[in-house]
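Shown next, in structure tokens, is the structure this report addresses.
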Amino acid sequence: MSDLHIRHATLPDIDTVLRFWHDAAEGTSISDDHDGVARLITRDPEALLLAERDGVLTGTVIAGFDGWRCSAYRLAVHPDHRRQGIATALLEAAEQRFLTLGGRRIDAMVLEANERAHHTWAAAGYQREGHWRRWVKPL
């Protein structure tokens with residue numbers, strides 16, 4: 001994995017990230033547009049982590065921290081690059097960020113129907129909490 005480079009996304013990366021999520025991520029978010037990603041990067045320039053190999057985007061994770069909770073979103077690895085430790089490297093980078101910021105626990109948003117993701121998160125030491133349900137209201 002020494003050829004894998006993890007860095008923070010910048011505003012010029014937005015279109016590449018959106019195309020990547022279209023190909024590599026499961027599901028969509030109401031914020032999966034240029035303005036939504038730009039707000040994320042502008043508000044917290046270190047939250048969106050990109051994994052690259054030879055300059056090619058191979059994975060992403062959003063490591064958001066609001067001062068109280070650590071939240072992981074959009075862990076995605078391109079299908080051509082899976083099973084190479086990229087998700088593990090991204091989660092380690094996110095966890096290090098959270099530790100540096102004083103985080104205590106990470107909440108990860110994982111689609112119920114994405115069985116492959118369940119295995120990835122479990123292998124990284126995460127456990128599903130069955131007693132919580134997410135409630136949402138679009139604005």
Side-chain angles (χ1 to χ4, degrees):
M1 293 305 295
S2 62
D3 61 338
L4 187 70
H5 175 68
I6 296 179
R7 67 176 179 87
H8 305 114
T10 61
L11 292 173
D13 293 313
I14 293 173
D15 291 332
T16 300
V17 168
L18 290 170
R19 281 191 303 273
F20 176 84
W21 285 343
H22 181 267
D23 295 337
E26 296 288 331
T28 58
S29 166
I30 196 169
S31 298
D32 283 359
D33 59 28
H34 195 278
D35 290 342
V37 179
R39 273 190 302 278
L40 170 66
I41 293 171
T42 300
R43 183 182 178 283
D44 187 351
E46 296 182 357
L48 178 51
L49 301 174
L50 307 180
E52 297 175 324
R53 180 171 283 144
D54 297 323
V56 174
L57 181 59
T58 59
T60 66
V61 69
I62 297 173
F65 184 65
D66 62 10
W68 177 55
R69 77 186 144 250
C70 306
S71 299
Y73 304 93
R74 284 301 199 208
L75 176 64
V77 175
H78 192 278
D80 295 341
H81 298 274
R82 291 182 180 154
R83 311 276 316 147
Q84 298 176 26
I86 296 168
T88 299
L90 283 163
L91 287 176
E92 287 173 357
E95 291 169 7
Q96 185 56 53
R97 175 175 201 257
F98 293 142
L99 286 169
T100 300
L101 294 170
R104 297 180 181 181
R105 183 188 77 185
I106 302 169
D107 294 330
M109 297 298 296
V110 183
L111 290 171
E112 282 293 320
N114 190 347
E115 293 287 331
R116 184 178 4 197
H118 300 179
H119 297 291
T120 299
W121 287 98
Y126 291 76
Q127 300 173 6
R128 183 181 185 278
E129 285 191 334
H131 59 280
W132 293 104
R133 285 290 178 252
R134 181 177 176 202
W135 292 36
V136 299
K137 177 183 175 183
L139 298 176

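Residues take their numbers from the sequence shown, with the count starting at 1. If you're wondering where the values come from, they're calculated on a predicted model, not measured in any experiment.
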Flag side-chain contact, heavy atom, 4.5 Å: Glu95 against Ile106: yes
Any side-chain donor near an acceptor of the partner, Thr10 and Asp13, under 3.5 Å: yes
Can you name the side-chain contact (heavy atoms from CB on, under 4.5 Å) partners of Tyr73, sequence neighbours left out? Ile62, Ser71, Met109
Which residue pairs pass the side-chain hydrogen bond (donor to acceptor under 3.5 Å, both in side chains) test when at least one of the two sits in residues 59-68, sequence neighbours left out? Trp21-Thr60, Asp66-Arg69
Heavy-atom closest contact (Ala94 atom, Leu49 atom, distance): N-CD1, 3.7 Å
Supply the atom-to-atom distance Leu11 CG to Thr42 OG1, rounded to the nearest 0.5 angstrom. 4.5 Å
Using side-chain contact (heavy atoms from CB on, under 4.5 Å) as the criterion, list what pairs up with Leu101, not counting sequence neighbours. Phe65, Arg97
Is there a side-chain contact between Ile14 and Ile41 (heavy atoms, below 4.5 Å)? yes
When every non-hydrogen atom of Leu40 is compared with those of Ala47, the smallest separation belongs to CD1-CB, 3.9 Å
From NE2 (His5) to CG (Asp54), nearest 0.5 Å: 12.0 Å
Residues in side chain to side chain donor-acceptor pair (under 3.5 Å) with Glu92, at least two apart? none
Just jot down the salt bridge (charged side-chain N to carboxylate O under 4.0 Å, His left out) partners of Asp107, sequence neighbours excluded, or say none. Arg105
With Glu52, which residues qualify under salt bridge (charged side-chain N to carboxylate O under 4.0 Å, His left out), at least two apart? Arg7
In this structure, CG of Leu57 is separated from CG of Leu50 (nearest 0.5 Å) by 5.5 Å
Could you give the distance from CZ (Arg53) to CG (Asp80), rounded to the nearest 0.5 Å? 12.0 Å
Heavy atoms of Leu90 and Ala76 approach each other most closely as CD1-O, 4.4 Å
Would you please name every residue forming a side-chain contact (heavy atoms from CB on, under 4.5 Å) with Pro79, sequence neighbours left out? Ala24, Arg82
Hey, could you give me each pair passing salt bridge (Lys or Arg N to Asp or Glu O under 4.0 Å) that has a residue in residues 31-43? Not counting sequence neighbours. Asp32-Arg74
Go through the structure and list residues passing side-chain contact (heavy atoms from CB on, under 4.5 Å) with Ala87, not counting sequence neighbours. Leu75, Val77, Thr120
Value rounded to 0.5 Å, distance of CD1 in Ile86 from CG in Leu91: 12.0 Å
Who pairs with Ser31 by side chain to side chain donor-acceptor pair (under 3.5 Å), at least two apart in sequence or on another chain? none
Quick one: list whatever passes salt bridge (charged side-chain N to carboxylate O under 4.0 Å, His left out) with Arg104, sequence neighbours left out. none
Non-neighbouring partners of Thr100 that pass side chain to side chain donor-acceptor pair (under 3.5 Å), sequence neighbours left out: Gln96
